[in-house]
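Take a look at the structure set out below.
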Amino acid sequence: MTNFADLGLSQKVLSAVTDAGYATPTPIQAGAIPPALQRRDILGIAQTGTGKTASFVLPMLTLLEKGRARARMPRTLILEPTRELAAQVAENFDKYGKNHKLNIALLIGGVSFDEQDRKLERGADVLICTPGRLLDHFERGKLLMTGVEILVIDEADRMLDMGFIPDIERIAKLIPFTRQTLFFSATMPPEIQKLADRFLQNPERVEVARPASTANTVTQRFVAAHGKDYEKRAVLRDLIRAQGELKNAIIFCNRKKDVAELFRSLDRHGFSVGALHGDMDQRSRMAMLANFKDGNIQLLVASDVAARGLDIPDVSHVFNFDVPIHAEDYVHRIGRTGRAGRSGASFTIVTKRDTKFSDAIEKLIGQTVEWLNGDLSQLPEPMESHDGRRERGRDGRKDRKKDVERSGRARGDHKSDAARIDNVTEFEPVAERAEAVKPERSADHKQGHASRNDRLGRAQNAANDDNRDRRHRNRRDHDDGPTPVGFGDEIPAFMLIVGKA
DNA sequence: AAAAAAC
C-alpha cells in the first residue's frame, strides 16, 4: 500500500499530514497527488468523503513553496459552489499549511469586503472563492487573474446545477492558458464531460468509486405519514425519541421556510436544535455549523445547502422530513452519515404525495427501502378533527403567541413574537447555548463582539424579504429592540479564517 | 414541489 511519503510531497506538507494523524492516502489522493505535482491537469471523479479536498490541497501547498505572491495577483484560485464548502477548504489549508507562510484568502459573499480587500492587496497565494464574490472583486478592480498558475474547479456537477457555469467560463477566460487545472466532479454527465474537455489539457483521469452505495454502512428506512405538516412533525418527534443512541442528526427539509418552521417547532418541544439554510445571514450559518460540529446542538434542521460536501464527521442519523424531489439529493443527504466506515441510520418520512419520488429513489439506488412500521397502505386513518386540532394547538400557527409564552421564551426583550420567530437569522436559542457554555461576559468581550459585527457586516437577506409577507415586514420594521446576543466566546473557526491578518 | 449564489 502507498504511503504519503511516496507521493512526492514536500517535507513541510508531510509533517503537517503526519501531525494530523494520517499515514495512508485515500485512493483519490494516491491517484491525483503525483500527477498534480508534475503539473498535469487532473480530472477527478470523486465526492467529498473520499479525501478529495486533500488531494488538491496537499500538492498545491508543495508547489506553492517556490515563488511568492505579488499584490493583487493571486497565484492559485479555487472555486467552490457554496460558502460553507469554501470555508471548509480554507480550514484544510490552515491545517496542512501550518508549516508554510502562505497568504490564504477566503472570498465569499455575505461578509464584509474590507478584510478580503486587504488580503488581495497584500498578495494572496491561494484564493478560495464562491464565483459571485470573486467576480465582484474583479469588477471592482481589486485583483488580476493573469498570475494564476493553478485553477481548481471543485464540485463541478453542482456548479452546473446551480447555474454557475457561465461564471466559471468567464473566470477561466481571465486566467492564462498555461495554467494547471484541477477539475473535480462527483458525477460525469455529458455536459460536465464537455466542460472538462474545454477546460483541461491532456488530463490525468482519476476516478474513485462513489460512496453512493452508502447502503453498506447506512441503515435506510421509509416511514409512512399523513401529509399535514403537524402530522409529519409528530412522526418525526416520535422517531427521534425512539432512537436509543442518537448522537446527533441532520434533518432535511425541501424548502427554506419549512426549515424555519420545523426548527421553531422542535425548539418549542425542547429539543437541542439549530437550523441552516441559505437565507440566513452568514454569521448565523457559520455559528450554527460550528455549534453542530462541536456538539453544542444535537439536531440540525437544514436545506440542501447542507446536503453535499459538508464534512461533519460522525453524524449518527439523517432524517428526511421531506422526500427530496431529485433522487440524487437523497444519496447526498444520507451520505452525511455513515462516513469513514462508521454506521449510520437514515429515516425518510413519506406521504402519499411523495410516492413518485420515493419510487425514483429506490430505482436510483437499485434497492428497495424497508418501511419502518408498515407502508402507506397500512397507515391508520387520522383520527378526525379533534386529534388534529389538539396537535395544531401545540404545534400549529394558531396559538403561536400563547405557545411561546408558555414555553417561557417571552423574556421581555421587546421583540414581537412574530418578528423573532420569523427571523430565523437571529437565533436566540443558539446564543443562549453559546453563553451556557461560556457564561462570563466582560466589557472587553462586548467590544470584541462589536468589532466582529463590523467586520462581517449585518444580516442582509434580500431573498428572505421578498418571500416574507407584508405583515411580517411591518412588524419587523418596529423591531429595534436590543442587538441580538453574539456568540459568547465561541468564535466559529470560519470567522477566524476570515478575520486573521 | 426547491436550493444555491453578488450587491
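The model shown is predicted, which means the values in this text are computed figures rather than measured ones. Per chain, numbering begins at 1; letters A, B, ... match sequence-line order. Worth knowing before you read on, the calculation uses all heavy atoms, side chains too, and leaves out hydrogens, waters and symmetry mates.
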Study note, to complete from the structure: Applied to residues 352-364 of chain A, the side chain to side chain donor-acceptor pair (under 3.5 Å) test, sequence neighbours excluded, yields A:T351-A:D354
Round to the nearest Å and state the distance from [X] atom [atom1] to [N] atom [atom2].
{"X": "A:M162", "N": "B:dA6", "atom1": "CE", "atom2": "C1'", "answer": "13 Å"}
{"X": "A:I349", "N": "B:dA1", "atom1": "CD1", "atom2": "P", "answer": "22 Å"}
{"X": "A:D354", "N": "B:dA2", "atom1": "CG", "atom2": "P", "answer": "13 Å"}
{"X": "A:E155", "N": "B:dA5", "atom1": "CD", "atom2": "P", "answer": "13 Å"}
{"X": "A:D279", "N": "B:dA3", "atom1": "CG", "atom2": "P", "answer": "8 Å"}
{"X": "A:K228", "N": "B:dA1", "atom1": "NZ", "atom2": "C1'", "answer": "16 Å"}
{"X": "A:L79", "N": "B:dA6", "atom1": "CG", "atom2": "P", "answer": "11 Å"}
{"X": "A:R255", "N": "B:dA3", "atom1": "CZ", "atom2": "P", "answer": "7 Å"}

Practice item. Only one of A:E155, A:E80, A:E207 passes salt bridge (Lys or Arg N to Asp or Glu O under 4.0 Å) with A:K52; say which it is. Key: A:E155
**Study point:** Pi-cation contact, A:F263 with A:R268 (under 6.0 Å, within 45°)
**Key:** no
OP1 or OP2 of [N] less than 4.0 angstrom from a side-chain nitrogen or oxygen of [X], does that happen here?
{"X": "A:R158", "N": "B:dA3", "answer": "no"}
{"X": "A:T130", "N": "B:dA6", "answer": "yes"}
{"X": "A:S303", "N": "B:dA4", "answer": "yes"}
{"X": "A:K256", "N": "B:dA4", "answer": "yes"}
{"X": "A:R170", "N": "B:dA6", "answer": "no"}

**Study point:** Listed nucleotide nearest any side-chain atom of A:H326, set B:dA5, B:dA1, B:dA2
**Key:** B:dA2
Revision key, fill the gap. Side-chain contact check for A:R83: nearest option of B:dA1, B:dA6, B:dA4 is B:dA6
Check your understanding: Is a donor-acceptor contact shorter than 3.5 angstrom present between the side chain of A:H277 and the base of B:dA4?
Key -> no
Check your understanding: What is the nucleic acid contact for A:D136, judged by heavy atoms within less than 4.0 Å: base, sugar-phosphate only, or nothing?
Key -> base
Review point. With ring centroids as reference points, do A:F357 and A:H326 lie under 6.0 angstrom apart?
Key: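 No, the ring centres sit 6.0 Å or more apart.
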Exercise for review: Tell me, please, which residues at least two apart from A:F184 pass ring pair (Phe, Tyr, Trp, His ring centres under 6.0 Å).
Suggested key: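 Listed in chain order: A:F56.
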